[in-house]
Amino acid sequence: MTLQQLLQQRLIQAETLMREHQLWQLDAPAAESLVSDQPFCLDKLEPLEWLQWIFIPRMQALLDANAPLPMNFAIAPYYEVALPDTTPGHGVLLLTLKQIDALFVQDSD
């Protein structure tokens with residue numbers, strides 16, 4: 001399976017988990033909330049909003065355009081800190097985000 005196929009699978013998995021646990025929002029935040037110079041739009045979005053409205057769509061857009069994917073980044077550490085343990089689906093969502101991160105680790109050999 002290619003990196004693109006694996007990423008597509010993980011993005012769908014993240015969305016499905018969020019929907020199953022009623023974490024997926026039906027209404028988008030205001031347009032100005034989607035623009036920020038802060039990592040994860042900390043000043044304007046909740047962590048799951050950023051995942052739904054910024055990360056998943058941007059990664060999907062890269063896949064759709066067959067564009068180069070970014071490398072050597074990680075989002076799971078942020079969610080380990082920012083996502084309360086009481087969040088429905090907490091463990092499996094973190095696992096999915098770690099699996100996404102693992103796709104983008106480049107060996108420095």
Side-chain angles (χ1 to χ4, degrees):
M1 203 174 276
T2 67
L3 170 63
Q4 290 79 3
Q5 291 169 326
L6 289 169
L7 177 58
Q8 181 70 55
Q9 233 177 27
R10 295 296 178 241
L11 293 175
I12 291 169
Q13 184 178 350
E15 179 177 340
T16 300
L17 286 168
M18 290 175 68
R19 287 182 184 278
E20 285 175 355
H21 294 285
Q22 288 75 47
L23 302 171
W24 194 260
Q25 298 178 352
L26 298 178
D27 298 319
E32 60 269 8
S33 296
L34 302 175
V35 179
S36 172
D37 60 358
Q38 299 293 309
F40 301 97
C41 295
L42 285 170
D43 57 337
K44 300 196 179 178
L45 296 176
E46 294 298 317
L48 293 174
E49 289 178 318
W50 180 85
L51 191 62
Q52 177 180 349
W53 300 105
I54 304 288
F55 181 75
I56 292 174
R58 285 188 183 171
M59 296 306 281
Q60 188 61 58
L62 290 174
L63 289 172
D64 292 346
N66 202 27
L69 296 171
M71 296 307 287
N72 295 321
F73 73 88
I75 62 172
Y78 168 65
Y79 283 89
E80 289 174 332
V81 173
L83 203 59
D85 294 349
T86 55
T87 303
H90 180 267
V92 71
L93 184 56
L94 283 180
L95 176 62
T96 301
L97 297 178
K98 288 177 185 178
Q99 290 170 335
I100 289 171
D101 287 351
L103 297 173
F104 297 100
V105 174
Q106 221 171 27
D107 291 331
S108 58
D109 296 345

Keeping the roles fixed (side chain from [X], backbone from [Y]), state whether a donor-acceptor pair exists under 3.5 Å.
{"X": "Tyr78", "Y": "Phe40", "value": "no"}
{"X": "Glu20", "Y": "Leu17", "value": "no"}
{"X": "Thr16", "Y": "Ile12", "value": "yes"}
{"X": "Lys44", "Y": "Glu32", "value": "yes"}
{"X": "Asp101", "Y": "Ala76", "value": "yes"}

Side chains of [X] and [Y]: closer than 4.5 Å at any heavy-atom pair?
{"X": "Pro29", "Y": "Leu34", "value": "yes"}
{"X": "Leu11", "Y": "Leu63", "value": "yes"}
{"X": "Ile75", "Y": "Trp50", "value": "yes"}
{"X": "Thr86", "Y": "His90", "value": "no"}
{"X": "Glu15", "Y": "Gln52", "value": "no"}
{"X": "Gln8", "Y": "Met59", "value": "no"}
{"X": "Gln13", "Y": "Gln99", "value": "yes"}
{"X": "Leu93", "Y": "Thr87", "value": "no"}

Working to the nearest 0.5 angstrom, can you tell me the gap between [X] [atom1] and [Y] [atom2]?
{"X": "Gln38", "Y": "Asp43", "atom1": "CD", "atom2": "CG", "value": "5.0 Å"}
{"X": "Gln4", "Y": "Asn66", "atom1": "CD", "atom2": "CG", "value": "6.5 Å"}
{"X": "Gln9", "Y": "Thr96", "atom1": "CD", "atom2": "OG1", "value": "11.0 Å"}
{"X": "Met18", "Y": "Leu51", "atom1": "CE", "atom2": "CG", "value": "5.0 Å"}
{"X": "Glu49", "Y": "Cys41", "atom1": "CD", "atom2": "SG", "value": "10.0 Å"}

Glu46 atom CD: more than 12 heavy-atom contacts under 6.0 Å: no

Arg19 atom CZ, neighbour heavy-atom count above 12 within 6.0 Å: yes

Within one Ile-Leu-Val-Met-Phe-Trp-Tyr cluster: Met71 and Ile100, side-chain cutoff 4.5 Å: yes

side-chain contact (heavy atoms from CB on, under 4.5 Å) between Asn72 and Phe104, intermediate numbers included: CA-CA 5 Å; Asn72 295 321; Phe104 297 100; over 6 Å; no

Exercise: identify the closest heavy-atom pair between Pro70 and Leu62: CD-CD1, 3.7 Å

Minimum heavy-atom distance between Trp24 and Ile56, given as atom pair plus value: CZ3-CD1, 4.1 Å

